[in-house]
Amino acid sequence: MERWKGRVALVTGASVGIGAAVARALVQHGMKVVGCARSVDKIEKLAAECQSAGYPGILIPYKCDLCSEEEILSMFSAIKTLHQGVDVCINNAGLARPESLLSGQTDGWRTMIDVNILALSICTREAYQSMKERNVDDGHIININSMSGHRVVPNSVIHFYSATKYAVTALTEGLRQELREAKTHIRASCISPGLVETEFAFRLHDKNPEQAAATYESIKCLKAEDIASAIIFVLSAPPHMQIGDIQICPVEQAS
């Protein structure tokens, strides 16, 4: 991670869960981390904690609604003005709404598409353009996917969510192919976690907190820090190594 010290990483969805753990880990390794979310109160608190702990990097909170392309473009413009540009892009933000295929609400489907697919793609495009215009040839784009992007479980409330994550699987592979065609050494990787104990289930089952809690009580889940460790592993890989898709599951979770 030595070569990343002082360089800029963007982490989307950095206020809680995996995003917050990743932001903290990157700051611990000396990076300038722009952490974005719709609400930045928790990111500001995390930034203060990182500073108090004496970590060598810095966490910069940025308020951004990823459903708005205008706000995403404004964020990248601000990063260019204040920090030159993005060297690492961690597309972490993602959500699930309990909208089945047979009776789901279109608004819920649209929100999942906007965040899980379009925002990821816009951030990827802008991060690449930022690297290209500064002749950064060793940048890295990492998509936080899901095991739901590789298999469909018999649970109707996450079938549409699973479709968006299958899209992330395809987008990441397509990105790798386009980067090779562009003859750049910028790399693209994908982390696909199984069940991670975060606020994810509580947001999915926002009207049934008991059901959400039960999700995490059934087995020993992964922790957000486990996924952050995987990202550090990916970023630490030598320049000649392309790490594609890492699938990480709790031992007790069926594949």
Side-chain angles (χ1 to χ4, degrees), residues 1-15 19-20 22-38 40 43-44 46-47 50-51 55-93 115 118-144 168 171-172 174-191 228 231-232 234-239 242-243:
M1 289 294 291
E2 190 68 25
R3 70 186 179 90
W4 295 114
K5 282 189 176 180
R7 299 180 71 179
V8 178
L10 170 65
V11 180
T12 65
S15 59
V22 170
R24 181 192 294 274
L26 296 180
V27 172
Q28 285 178 302
H29 283 86
M31 296 194 75
K32 294 179 183 177
V33 181
V34 178
C36 79
R38 285 180 299 176
V40 295
I43 305 177
E44 289 171 346
L46 178 58
C50 290
Q51 185 176 18
Y55 296 156
I58 183 173
L59 175 57
I60 303 142
Y62 195 95
K63 182 179 175 63
C64 180
D65 182 353
L66 292 171
C67 288
S68 167
E69 180 175 15
E70 182 180 356
E71 290 197 24
I72 296 173
L73 297 181
S74 177
M75 174 176 65
F76 273 90
S77 178
I79 293 172
K80 179 179 180 178
T81 300
L82 299 173
H83 309 290
Q84 284 72 59
V86 172
D87 301 302
V88 172
C89 180
I90 313 290
N91 287 310
N92 164 74
V115 176
L118 287 178
L120 176 145
S121 298
I122 295 167
C123 287
T124 295
R125 179 190 68 202
E126 297 305 311
Y128 170 71
Q129 293 299 330
S130 173
M131 297 174 199
K132 183 180 178 182
E133 69 183 20
R134 292 176 296 122
N135 295 314
V136 171
D137 195 46
D138 65 343
H140 212 132
I141 297 166
I142 301 176
N143 293 330
I144 304 301
V168 173
L171 288 167
T172 308
L175 174 62
R176 277 194 287 267
Q177 293 180 15
E178 291 191 26
L179 289 171
R180 297 294 77 76
E181 289 170 5
K183 300 189 183 306
T184 174
H185 294 95
I186 296 169
R187 290 177 286 179
S189 301
C190 196
I191 309 290
I231 287 177
I232 297 302
V234 170
L235 289 174
S236 300
Q242 170 71 71
I243 297 176

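Numbering starts at 1 and runs along the sequence shown. None of these values were measured; they are calculated from a predicted model.
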N/O donor-acceptor pair under 3.5 Å between N92 side chain and I144 backbone
no

Measure the SG-CD1 distance between C123 and I141 for me, rounded to the nearest 0.5 Å.
10.0 Å

R38/E71 ion pair, N-O < 4.0 Å:
no

Would the distance check show the side chain of W4 and the main-chain N or O of H29 forming a donor-acceptor pair, the cut-off being under 3.5 Å?
no

Pick from V34, V27, V33: which one makes a side-chain contact (heavy atoms from CB on, under 4.5 Å) with M31?
V33

Would you indicate whether the side-chain heavy atoms of N91 and V168 approach each other to under 4.5 Å?
no

Going from SG on C67 to CG on L118, what distance comes out if it is rounded to the nearest 0.5 angstrom?
9.0 Å

Excluding sequence neighbours, so at least two apart, what forms side-chain contact (heavy atoms from CB on, under 4.5 Å) with Q51?
none

Any donor-acceptor pair under 3.5 Å linking the side chain of T124 with the backbone of L120?
yes

K32 NZ to R7 CZ distance, which is reported to the nearest 0.5 Å
11.5 Å

Smallest heavy-atom separation, H83 atom then V8 atom, equals O-CG2, 3.7 Å

Do the side chains of I58 and C50 get nearer than 4.5 Å, heavy atoms only?
no

How long is the straight-line distance from CD1 of I191 back to OG1 of T172, given to the nearest 0.5 Å?
10.0 Å

Once you round to the nearest 0.5 Å, how far does CZ of R125 lie from SG of C89?
12.0 Å

Answer with yes or no whether the side chains of D137 and T184 bring together a donor and an acceptor at under 3.5 Å.
yes

Residue pair F76 / V86: nearest heavy atoms and the distance that separates them:
CE2-CG2, 3.8 Å

Looking only at heavy atoms, the pair that brings A188 and R176 closest together is O-NH1, 3.1 Å

State, to 0.1 Å, how close D87 and M131 come at their nearest heavy-atom pair, and which atoms those are.
O-CE, 3.4 Å

Residue pair Y128, L179: steps toward the side chain to side chain contact (heavy atoms under 4.5 Å, CB included) verdict:
CA-CA 9 Å; Y128 170 71; L179 289 171; 3.8 Å; yes

Which atom pair, heavy atoms only, marks the closest approach of L66 to A119?
O-CB, 3.4 Å

For A37 and A14, the nearest pair of non-hydrogen atoms, with its separation, is CB-N, 4.4 Å

Can you check whether Q28 reaches I232 side chain to side chain, under 4.5 Å on heavy atoms?
no

Inter-residue atom distance I90.CD1 - C36.SG, 0.5 Å rounding:
12.0 Å

Among R3, H185, R187, exactly one meets side-chain hydrogen bond (donor to acceptor under 3.5 Å, both in side chains) together with D138. Which residue is that?
R3

So, applying side-chain hydrogen bond (donor to acceptor under 3.5 Å, both in side chains) with S130, which one of R134, E126, E133 is it?
R134

